[in-house]
Number of protein chains: 2
Amino acid sequence: MAATESGKKPKRDTYRHGDLRNALIRAGLELARTGGPEAVVLRAVTREAGVVPNAAYRHFADRAALLHVVSQAAIAQVARTMEAEQAALPPAADTTAAARARFRAVGTGYLRFAQEEPGLFRTAFHVPGDMTHAADDDAAGSSGKTPFELLGAALDGLVETGILPEDRRPGAEFLAWSAVHGLAVLLIDGPLRGLHPAQAHDAGQHVIDMIERGI
Amino acid sequence: MAATESGKKPKRDTYRHGDLRNALIRAGLELARTGGPEAVVLRAVTREAGVVPNAAYRHFADRAALLHVVSQAAIAQVARTMEAEQAALPPAADTTAAARARFRAVGTGYLRFAQEEPGLFRTAFHVPGDMTHAADDDAAGSSGKTPFELLGAALDGLVETGILPEDRRPGAEFLAWSAVHGLAVLLIDGPLRGLHPAQAHDAGQHVIDMIERGI
DNA sequence: GAGATAAGTGGATGCTGTCCACATTGGAGT
DNA sequence: ACTCCAATGTGGACAGCATCCACTTATCTC
C-alpha cells in the first residue's frame with residue numbers, strides 16, 4: 001500500500017529542483033489542457049512538480065504571472081497548428097490559388113486547434129488582457145510569427161496576388177479574426193458545442209467563405 | 001465612528017428577509033457589472049443582502065446556480081439593448097431599407113452593450129455552457145425574444161424583403177453571431193480594447209458590412 | 001575556504017465554497 | 001385561537017486557495 005498517491009511522484013532527493021520554472025510551465029500547460037485557465041492552480045502546479053507551493057514564488061510574481069506565461073505558450077501552439085495547416089497544403093495551381101489556400105489555412109488551423117485543444121485554446125485567449133500580448137515573441141510558432149502575424153501575412157498575400165483590393169487591406173485582420181474567433185467560441189462553449197467534427201469543419205469553411213466575400 | 005462599513009448596511013431586523021432570492025440576484029448583477037462573472041462571489045452577494053452566506057443555499061443549489069440565473073438576467077439586458085436600438089431607428093424609406101436597418105441594429109445593439117457594460121456582457125456569455133441556455137425564457141427582453149431570436153427575426157426580415165436569398169438563410173445566424181461576438185471580445189479583452197467609442201462604432205459597422213456582403 | 005545569494009521549506013493569515021446541526025417564524029389545519 | 005410544520009436564516013466547521021514572512025540549504029563567486 002505504498003502507492004497511495006494517484007500518478008507519479010518523482011520525489012526528488014536533491015534539495016534543488018534544477019528546472020523548476022519549466023516544470024511549472026509544463027505542469028500548467030497540462031492542467032490547462034484538460035481544465036482550461038481556471039485549472040491552472042498554483043498549488044496543483046507545484047504539487048505536480050513535487051515542490052512546496054511557495055517555491056513557485058521564486059520564479060513567478062504570482063499566479064497571474066504563471067498563467068500569463070502558460071497562456072503565451074498556448075498561443076504559440078496555436079501558431080504552430082496554423083503553420084502545420086499551411087505546410088500540409090497540396091501544391092496549388094497558380095500563385096493566386098496558393099495565396100487563397102494559405103489564407104484559408106490560417107482560419108482552418110485556428111479552428112482546428114480550438115476544437116482539438118479547447119482547454120488550451122481557452123487558456124490562450126480567454127484570460128482578460130492577455131490577448132494584448134499576442135504579439136510577444138514567446139507567443140510565436142516555429143516560423144517566429146504569432147497567430148496575428150500569420151494572419152497578417154496571409155492577408156498581405158491576398159493583396160499581392162490581387163485577390164484583395166489594397167484599400168480593403170487596413171484593419172482586415174480584425175474582421176477576419178472576429179469572425180473566426182467568434183465561431184471558435186460558439187463551437188467550444190456555445191450552441192454549436194458538441195457538433196460533429198465534420199460539421200464543425202463545414203461551419204468553419206462557411207465562415208471563411210463569408211470572410212472572403214465580405215472582407 | 002459608527003459608520004465603519006463602506007456602503008449601506010440595511011441591517012434587517014426581521015428574521016426573514018422577505019425577498020432574498022431577488023436580492024441575491026440583484027446583488028449578483030451589481031457585482032457582475034463591475035467585476036464580471038468571477039466577481040459574483042457567494043459570500044459577497046449574501047453580505048450585500050445583509051444575510052449569512054449559507055442563506056443563499058435556501059434559494060440556489062450552489063454558486064454556479066446563482067451565477068447561471070445572473071447570467072440569464074444579463075442576457076435579457078442584451079436583448080433589451082438590441083430592442084432599444086431597433087426602436088430608436090428613424091423611419092425607413094421602404095420595407096427593404098427597414099429590414100436592413102433592423103438587421104444592423106441587432107448587431108449594433110449587441111456591440112453597444114458589450115462596450116457599455118463589459119462586466120455584464122462577460123457574465124452573459126463567458127460562463128461556459130450558459131450560452132446553450134440563451135434561448136430560455138428568462139433570457140428574453142421586453143419583446144419576449146432572446147438575443148438569438150432577435151437575430152433570427154432580423155434575418156427572416158432580410159429574406160422576406162428579398163435582400164437575402166432563401167438558400168443562404170439556414171445557419172446564417174451563426175455566421176452573423178460569430179463575427180459580431182468575435183469583435184465584441186476583441187473590443188473588450190483584445191487588442192482593440194480601449195478604442196475610442198467612435199472608432200469602435202466604426203469597427204462595428206465595418207464588421208456588419210462584411211456580414212451583409214458575405215452572408 | 002568564506003560568504004553571498006538563489007532556491008526551496010514551514011507555518012500562518014484571510015479569503016473562498018460548502019456541509020451539518022440548530023434556531024426562528026409564518027402560515028396551514030385543526 | 002392553538003399547534004405543529006416546513007420554509008427560511010444562523011452558527012460553526014472544514015478543506016482548498018493565494019500569498020506573506022522567517023528560516024534553511026545548497027550552489028556559485030571571490
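As a basis for the values below, the full set of heavy atoms in this structure was taken, side chains included, without hydrogen atoms, waters or symmetry mates. The sequence lines fix the lettering, A, B, ..., with proteins before strands; numbering per chain opens at 1.
Every residue two or more places apart in sequence or in another chain was checked for a salt bridge (Lys or Arg N to Asp or Glu O under 4.0 Å) with B/Asp62, and none qualifies. Residues satisfying the salt bridge (Lys or Arg N to Asp or Glu O under 4.0 Å) test with A/Glu160, not counting sequence neighbours, are none.
Counting only heavy atoms from C-beta on, A/Arg47 has its side chain closest to D/dC17 among C/dG17, D/dC17, D/dT19.
Look at B/Arg102 and B/Asp156 and you find no salt bridge, because none of the NZ, NE, NH1 or NH2 atoms lies under 4.0 Å from a carboxylate O. B/Glu85 and B/Arg104 are not joined by a salt bridge, as no carboxylate oxygen comes within less than 4.0 angstrom of a charged side-chain nitrogen.
Residues A/Arg43 and B/Arg63 each lie close to DNA chain C; by heavy-atom proximity, the contact nearer the 5' end of the strand is made by A/Arg43.
Under the ring pair (Phe, Tyr, Trp, His ring centres under 6.0 Å) rule, A/Phe125 has a single partner from A/Phe113, A/Phe148, A/Tyr110, which is A/Tyr110.
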Item to check | ring pair (Phe, Tyr, Trp, His ring centres under 6.0 Å) between A/Phe174 and A/His181, worked out | outcome: CA-CA 10 Å; A/Phe174 297 122; A/His181 184 77; over 10 Å; no
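Between A/Glu38 atom CD and D/dC17 atom P the separation is 14 Å, expressed in whole Å. Rounded to whole Å, atom C1' of D/dT19 lies 14 Å from atom CG of A/Leu66. Across the protein-nucleic acid pair, A/Phe60 atom CZ and C/dA7 atom C1' stand 14 Å apart, rounded to whole Å. The distance between atom CG of B/Leu31 and atom P of C/dG17, rounded to the nearest whole Å, is 11 Å.
Contact annotation: A/Tyr57 side-chain N/O to D/dC20 OP1/OP2 distance is not under 4.0 Å.
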Just the table, please: protein N/O against nucleotides 8-10 of chain C N/O, every pair under 3.5 Å.
{"from": "C/dG8", "atom 1": "OP1", "to": "A/His17", "atom 2": "N", "distance (Å)": "3.1"}
{"from": "C/dG8", "atom 1": "OP2", "to": "A/His59", "atom 2": "NE2", "distance (Å)": "2.9"}
{"from": "C/dG8", "atom 1": "N7", "to": "A/Arg58", "atom 2": "NE", "distance (Å)": "2.9"}
{"from": "C/dG8", "atom 1": "O6", "to": "A/Arg58", "atom 2": "NH2", "distance (Å)": "2.3"}
{"from": "C/dG8", "atom 1": "N3", "to": "A/Tyr15", "atom 2": "OH", "distance (Å)": "3.0"}
{"from": "C/dT9", "atom 1": "OP1", "to": "A/Arg12", "atom 2": "NH2", "distance (Å)": "3.3"}
{"from": "C/dT9", "atom 1": "OP2", "to": "A/Val52", "atom 2": "N", "distance (Å)": "2.9"}
{"from": "C/dG10", "atom 1": "O6", "to": "A/Asn54", "atom 2": "ND2", "distance (Å)": "2.1"}

